[in-house]
Amino acid sequence: MRTVFWDYERQSLKMIDQRLLPMQMIIAEFTDYRAVARAITEMYVRGAPAIGAAAAFGLALAAHQSTAPGREQLLADLDSAAATLNAARPTAVNLAWAVSRLLAVAQQPSLASASAIRAALLAEAQRLADEDVALNRRMGFHGAELINDGDTILHHCNTGALATVDWGTALGVIFAAHEQGKQIHVLVDETRPRLQGARLTAWELQQRGIAYDVIADNAAGHFMRTGQVDIVLVGSDRTAANGDVANKIGTYKLAVVAKENGIPFYPVVPTSTIDLNLAHGDLIPIEERDQEEVLTVFGQPITPAGATARNPAFDVTPHRYVTGIVTEVGIIYPPFLRNLRAAVAAAQPDPAG
Ligand code: MRU
C-alpha cells in the first residue's frame, strides 16, 4: 500500500497516519486541502518526498473543492491554497517543488476551463506520485552498488516507503541490496524526539525480514569508532547547490564521526530534493518544532515541571563530510557544485510513470 494515494471512488486523499505507527495502522481521509496542510504540519505524513506528494494531491483537492466557475477565479483560489500548503513545513524543498510543478500545469494557457484545470491537476499529482515510486527504485539500485555482502549500515530517521510514496530513499538502497541477496545488518538510530527510526524504520525492516538492531542515537559514535559500521546512509530534506545536506537533526554528528573514522557517508537524494537556488546549506530554513516533542515521550512528561527545551528538526551537514550523493540518475561525487547541476539537468520524468 502507498503512503499517500488518491481514492478515485471517493474523490479524496488518503494517507497513512504515521503518528500512530507501529502501534496502530490507520488510514486518514482528507477532503479539504487545509486539513492536508495541517496533517503535514502535525506529521501524519512526513519525509520529504511523501510531503511533496501530499501537497500535490492537496492542490488537486483544492481545485476539486473550489466552486470557481471559470479559469481565472480557479487560478486565484489555487494561489491561495498553494500559500497555505507551502507554509505547512519549511525545510523539505519537495513541498514547494511539488506545489510549483502543479501550479505550472494549472496555468497552461491550453487549459481554458475550470474543469479542464481540475482534471489536469489530479492527473499531474498522480503522475508525480507514480514517478516518485519508479525513481526511488532506480535510485535504490544505484545505491546498492555501494553495499557489500556482509555490510553493517548505519541509518538515521525514516527514509523508507513511509517517507516517500513507496519504496524509499536511503532505506530504498537497503531494500535493493536485500533484494539482490546481500546479507546486511542495519543499525537503526532511534531518532529522538519523534522516534522515526525506532517506530517506523524498524517496522519497515521487520516487514521485509532485514536484520537490524535499534540503537540509542548516542550509541552511533561508539559503533563507528569500534569498527562496527561499514557505511552510513541517510536521506535529505533539502540539498544545496554545493552539496551541503539538510536532514533530520543528528545527521551532522553522524557525518563528522564517520569522517573521523574513515567510514563512507552517503545521503540518498532524489533530484527533487536538490535546491539549486540555494548556494550553500546555511541558507536552508531549519524548522524548529514545539518543545513538547522533547519534553515528553508519547505524551508523558520526562522532565521536571517548568523545564524548557529547544527542538530544531533538521541540521546541515557541510559537503566536506559527504562522500557522495546517491540520486535516481546515479551516484554523484565532488565537485558537487558542477556535478549536482548536471544531475538535475539529466533527471527526466519517467514516461512509464
Ligand atoms: O521530520 P521528518 O520525519 O519529516 O524528517 C524526515 C527526514 O529527515 C528524512 O531523512 C528525509 O525526509 C529524507 S528521506 C525521504
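We count ligands from 1, going down the list as the structure has it; atoms in each ligand are counted the same way. Numbers here are sequence positions counted from 1.
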Rounding to 0.5 Å, atoms CD1 (Ile174) and CD1 (Ile147) come to a distance of 7.0 Å
With a cutoff of 4.0 Å, is Arg89 in contact with ligand 1, counting heavy atoms of the residue only? yes
Under-4.0 Å heavy-atom contact with ligand 1, by part of Gln196 that carries it: side chain
Does the side-chain contact (heavy atoms from CB on, under 4.5 Å) test come out yes or no for Met224 and Val232, once each step is laid out? CA-CA 9 Å; Met224 286 197 265; Val232 180; 4.0 Å; yes
Hey, which atoms in ligand 1 end up nearer than 4.0 Å to a heavy atom of Thr159? 10 (O), 14 (S)
Between His156 and ligand 1, find which residue part has any heavy-atom pair under 4.0 Å and reply side chain, backbone, both or neither. neither
Ignoring hydrogens, just give me the one of Thr164, Asp315, Asp237 whose non-hydrogen atom is nearest atom 7 (C) of ligand 1. Asp237
Measuring from atom 13 (C) of ligand 1, which candidate in Ser236, Ala163, Gly168 has the nearest non-hydrogen atom? Ser236
Consider side-chain contact (heavy atoms from CB on, under 4.5 Å). Of Val294, Thr308, Leu295, which one does Thr303 pass it with? Leu295
of all protein heavy atoms, closest to atom 5 (O) of ligand 1 is Lys248 CE, 3.3 Å
Going by the 4.0 angstrom heavy-atom rule, the piece of Met43 near ligand 1 is side chain
Considering heavy atoms of the protein only, find what lies nearest to atom 12 (O) of ligand 1 and give residue, atom and distance to 0.1 Å. Ala48 N, 2.8 Å
Considering only NZ, NE, NH1 and NH2 on the basic side and carboxylate oxygens on the acidic side, decide whether Arg192 and Asp217 come within less than 4.0 Å. no
Shortest non-hydrogen contact from Gly281 to Ala240? N-CB, 3.8 Å
With a 4.0 Å cut-off on heavy atoms, is Gly47 in contact with ligand 1? yes
Specify the protein heavy atom at minimum distance from atom 14 (S) of ligand 1: its residue, its atom name, and the distance to 0.1 Å. Thr169 OG1, 3.3 Å
Heavy-atom proximity to atom 15 (C) of ligand 1 ranks first, among Gly250, Gly235, Pro49, Gly160, for Pro49
Using 30° and 60° as the class boundaries, would you call the ring planes of Phe175 and Trp167 parallel, tilted or perpendicular? perpendicular
What distance separates Arg34 CZ from Leu85 CG, expressed to the nearest 0.5 Å? 10.5 Å
Got the closest protein heavy atom to atom 9 (C) of ligand 1, with its distance? Asn247 OD1, 3.5 Å
Specify side chain, backbone, both or neither for Cys157, according to which of its non-hydrogen atoms lie closer than 4.0 Å to ligand 1. side chain
Under 3.5 Å donor-acceptor, Arg46 side chain and Asn158 backbone: yes
What is the closest protein heavy atom to atom 6 (C) of ligand 1, and at what distance does it sit? Arg46 NH2, 3.5 Å
Please answer: with hydrophobic residues joined when any side-chain heavy atoms are less than 4.5 Å apart, are Val165 and Trp6 in the same cluster? no
Consider salt bridge (charged side-chain N to carboxylate O under 4.0 Å, His left out). Of Asp132, Asp166, Asp130, which one does Arg2 pass it with? Asp130
